[in-house]
Each structure stands twice: as structure tokens, then as C-alpha cells.
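Below you'll find the structure, written out as C-alpha cells, and then a few comments.
The structure presented is a predicted model; accordingly, all values stated were derived computationally and were not measured.
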Amino acid sequence: MDFKWLEDFLVLAETHSFSRSAELRGVTQSAFSRRIRALEEWLGTDLLSRESYPVTLTPEGVLFRETAEEAVRMINARRAEFRDHTRSHGREISFVALHSLTVTFLPSWLMRLKAAAGQMTSRVKPENFDRCIEALTEGGYDFFLTYAHPQVNIPLDPEGFPHLVVGQDSLVAVARPGWPEEWLTEGMPMLKYSRGSFLNAMARIALTQPGAPKVYVAHTDEASMAEAMKSMAVAGHGVVWLPRRLVESEIETSRLEVVAPELPMEIRLYRNAARGRGITGRVWQAARELGEGYAETE
């Protein structure tokens with residue numbers, strides 16, 4: 001049994017809406033429904049009456065709600081006690097971030113952040129976009145570092161998860177110089193990210209821009225690792241959309257060339273407002289000052 005299933009159930013018991021509950025939990029409605037069904041299967045009983053709208057709790061669901069509330073309260077209280085004890089000694093700040101940002105942006109930015117915020121230790125977990133959202137909303141991390149674009153939805157409640165814009169980047173289509181002339185007429189082989197990845201959503205937007213090349217999918221990276229995609233492009237497998245910061249040196253040394261208009265992206269820092277310790281406040285203020293000149297949402 002997964003602990004987050006209990007939290008899912010309690011949110012649903014409060015909202016009586018699968019769509020609203022999924023939004024609050026930062027997951028798709030189908031994924032949320034599967035988690036509720038998995039909890040019911042684990043318990044061996046139906047917790048919800050799905051025949052009416054809004055959904056209601058069955059008698060078993062009413063009983064289990066009390067159990068779930070008490071279990072979640074006790075576990076969260078104990079975890080908070082353990083974590084506060086650890087952090088009071090270690091002054092640790094935790095980040096979850098998209099893989100490519102941990103390579104391109106975070107190292108130098110984190111040095112400046114520590115210099116501005118004062119003594120602390122840091123913990124960083126590189127992850128894909130969906131897992132980053134999950135890690136932040138479940139309370140395991142203080143901050144989330146991500147790319148952002150107006151046409152890509154980031155399912156985080158702005159009251160519980162405010163953000164700062166801390167940098168800028170762009171998505172750039174690159175290929176190895178000297179590619180075959182037939183690519184102009186037959187289309188360029190494209191290196192594609194997995195369907196649910198953030199960079200795949202960005203690449204789809206970039207493909208609709210004026211000047212975007214004609215492409216066909218030649219390779220899909222199911223892990224959506226931008227570093228791996230860069231290596232494939234350098235080897236000549238085709239065109240791929242990558243963060244410019246990741247390929248700046250390859251462009252400067254002509255190992256890769258830009259073949260389409262760039263798509264601007266923000267670099268955002270999201271905060272879990274429920275984790276309001278003193279050190280997180282200082283880090284937030286330092287990040288705001290380092291990002292002066294960019295937009296802010298709180």
C-alpha cells in the first residue's frame with residue numbers, strides 16, 4: 001500500500017470530484033483514478049459510490065476516512081519531527097529539478113544562492129517533470145527548478161506553490177553540420193522525447209513556429225534524457241530540440257548548428273509554501289534578489 005493513496009483518498013473525500021482532486025494532487029485524472037482504485041483493491045472494499053455525481057463515500061469509505069485521517073496525521077507529525085531535528089543541525093535545503101537544469105543552470109546558480117543566503121547544505125534530486133511535481137507536492141522537497149512556457153501547463157496551485165523566475169533559456173533545434181541535402185526535401189530525421197516529458201511538449205510547440213523544418217520521427221528516447229539526445233545529434237542521427245545552455249559549447253565549436261528559430265523558456269523556482277522554515281525563507285529571498293528583473297508570482 002502506497003502512503004500517497006491515503007492522501008489521495010482524503011482529498012477526494014473532501015472535494016467529491018475526481019477532476020478537482022487530481023488537479024490538487026498534481027496528477028492526471030486517469031492516474032488519480034488508478035490510485036484510488038488500487039487503494040480499494042488493497043483494502044478489499046469499495047470506498048466510493050460512483051453512480052452519482054458528485055461522488056459520495058460508501059459506509060466503508062466513511063469508516064476508513066477516520067482511519068486515514070489519523071494515520072496521515074500521525075505519520076506526517078512524526079516525519080516533521082525527524083526532519084526538523086535533522087535540519088536544525090544540518091541546515092539542509094532540498095531541490096528537485098529537471099535533469100538538464102542540474103547540468104546547465106543549477107551548479108553556478110546554487111553557488112551564488114548559497115553565498116547570498118548564508119551557510120547551508122543542499123540536496124538535489126534530478127527527475128523528469130511528472131516526478132518533480134509529485135516530489136514537491138508530497139512535501140519531500142523545499143523547491144522545484146523547472147523550465148516554463150505559457151503554452152505548457154504546470155499543475156501547481158499558485159497559493160500553495162508560488163514561483164520566481166530565476167533565469168532564461170531557449171529551446172533550440174540543432175543538428176550536426178553537413179547533413180544530407182535530401183533532408184531539405186524529404187524531411188529531417190527527428191530525435192523525439194517520450195510523450196509525457198516536458199521537453200517533448202516544448203518541442204511540439206517549436207515545430208508549429210514559422211521556419212520550423214519538416215521532420216519525421218527517427219528515434220525516441222523513452223527516458224527523455226537531454227544529454228543522451230545531444231550525443232545522438234552530435235553523432236549525426238538527426239535534429240533534436242535542446243536547451244541552448246546545454247549545447248552552447250557544441251554550437252560555438254561547430255559540432256552542432258542551429259536549424260530552426262529558437263523558442264524562449266523561463267527557468268522557474270517553485271516553493272512548497274507549507275515548508276516554511278527560516279532557512280527556506282532566506283533562500284527564497286536570495287533567489288528573488290538574484291532573479292531581480294524577472295517576473296514573480298506569489
Side-chain angles (χ1 to χ4, degrees), residues 3-4 6-15 17 19-27 32 69 72-88 90-98 101-102 105-106 109-110 113-114 116-118 120-127 129-150 152-167 198 266-292 294-298:
F3 176 70
K4 65 173 172 273
L6 299 180
E7 297 176 314
D8 291 341
F9 170 68
L10 291 176
V11 171
L12 184 56
E14 184 69 26
T15 66
S17 166
S19 59
R20 178 57 180 158
S21 297
E23 181 182 353
L24 291 173
R25 295 291 285 158
V27 298
F32 183 84
E69 287 175 339
V72 169
R73 185 193 66 78
M74 292 179 66
I75 291 172
N76 282 336
R78 187 64 68 188
R79 183 178 68 167
E81 178 184 327
F82 291 155
R83 288 174 178 262
D84 287 346
H85 176 75
T86 299
R87 289 183 180 124
S88 67
R91 302 172 62 82
E92 180 187 82
I93 291 295
S94 57
F95 297 86
V96 62
L98 299 183
L101 283 170
T102 64
F105 178 78
L106 186 137
W109 175 78
L110 186 56
L113 191 68
K114 288 184 175 183
M120 67 174 127
T121 60
S122 55
R123 175 167 55 96
V124 177
K125 183 179 183 181
E127 271 292 1
F129 182 75
D130 287 340
R131 290 190 179 274
C132 283
I133 293 288
E134 186 175 282
L136 184 71
T137 56
E138 290 183 352
Y141 291 83
D142 299 308
F143 299 103
F144 168 36
L145 195 64
T146 182
Y147 299 113
H149 186 275
V152 180
N153 178 50
I154 297 181
L156 290 171
D157 177 6
E159 292 186 7
F161 303 95
H163 78 263
L164 301 170
V165 181
V166 295
F198 185 87
E266 294 178 342
I267 299 175
R268 291 183 182 178
L269 182 70
Y270 282 85
R271 175 184 184 181
N272 186 334
R275 296 166 66 91
R277 298 174 290 118
I279 185 64
T280 58
R282 290 199 297 276
V283 169
W284 189 249
Q285 180 59 32
R288 177 187 287 115
E289 292 171 358
L290 290 175
E292 283 182 356
Y294 295 122
E296 172 183 340
T297 299
E298 291 198 70

Which atom pair, heavy atoms only, marks the closest approach of [X] to [Y]?
| X | Y | answer |
| --- | --- | --- |
| Val166 | Arg268 | CG2-C, 4.4 Å |
| Leu12 | Ser21 | CA-OG, 3.3 Å |
| Gly140 | Ser94 | O-OG, 3.9 Å |
| Ile133 | Pro155 | CD1-CD, 4.3 Å |
| Phe95 | Leu110 | CE1-CD1, 3.9 Å |
| Ala22 | Phe32 | CB-CB, 3.8 Å |

State, with a plain yes or no, whether a side-chain heavy atom of [X] is found less than 4.5 Å away from one of [Y].
| X | Y | answer |
| --- | --- | --- |
| Leu24 | Arg20 | yes |
| Lys4 | Arg25 | yes |
| Glu7 | Thr137 | no |
| Phe161 | Ile154 | no |

First locate atom [atom1] of [X], then atom [atom2] of [Y], and finally report the distance between them rounded to the nearest 0.5 Å.
| X | Y | atom1 | atom2 | value |
| --- | --- | --- | --- | --- |
| Leu156 | Arg271 | CG | CZ | 14.5 Å |
| Ile279 | Trp284 | CD1 | CH2 | 14.5 Å |
| Asp142 | Asn272 | CG | CG | 7.5 Å |
| Asn153 | Glu23 | CG | CD | 8.0 Å |
| Phe105 | Leu98 | CZ | CG | 12.0 Å |
| Leu113 | Leu269 | CG | CG | 8.0 Å |

What class does the angle between the rings of Phe129 and Phe144 fall in, given that below 30° is parallel, 30 to 60° is tilted and above 60° is perpendicular?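 Answer is tilted, since the angle falls between 30° and 60°.
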Apply side-chain contact (heavy atoms from CB on, under 4.5 Å) to the pair Leu106 and Leu101, showing each step before the final yes or no. CA-CA 6 Å; Leu106 186 137; Leu101 283 170; 5.5 Å; no
Applying side-chain contact (heavy atoms from CB on, under 4.5 Å), run through Phe3 and Asn76 and close with a yes or a no. CA-CA 11 Å; Phe3 176 70; Asn76 282 336; 4.0 Å; yes
Flag yes if more than 12 heavy atoms outside Gln285 fall under 6.0 Å of its CD atom; otherwise flag no.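 It does: Gln285 CD has more than 12 such atoms within range.
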Tyr147/Ile267 under side-chain contact (heavy atoms from CB on, under 4.5 Å): CA gap, chis, key distance, verdict: CA-CA 5 Å; Tyr147 299 113; Ile267 299 175; 4.2 Å; yes
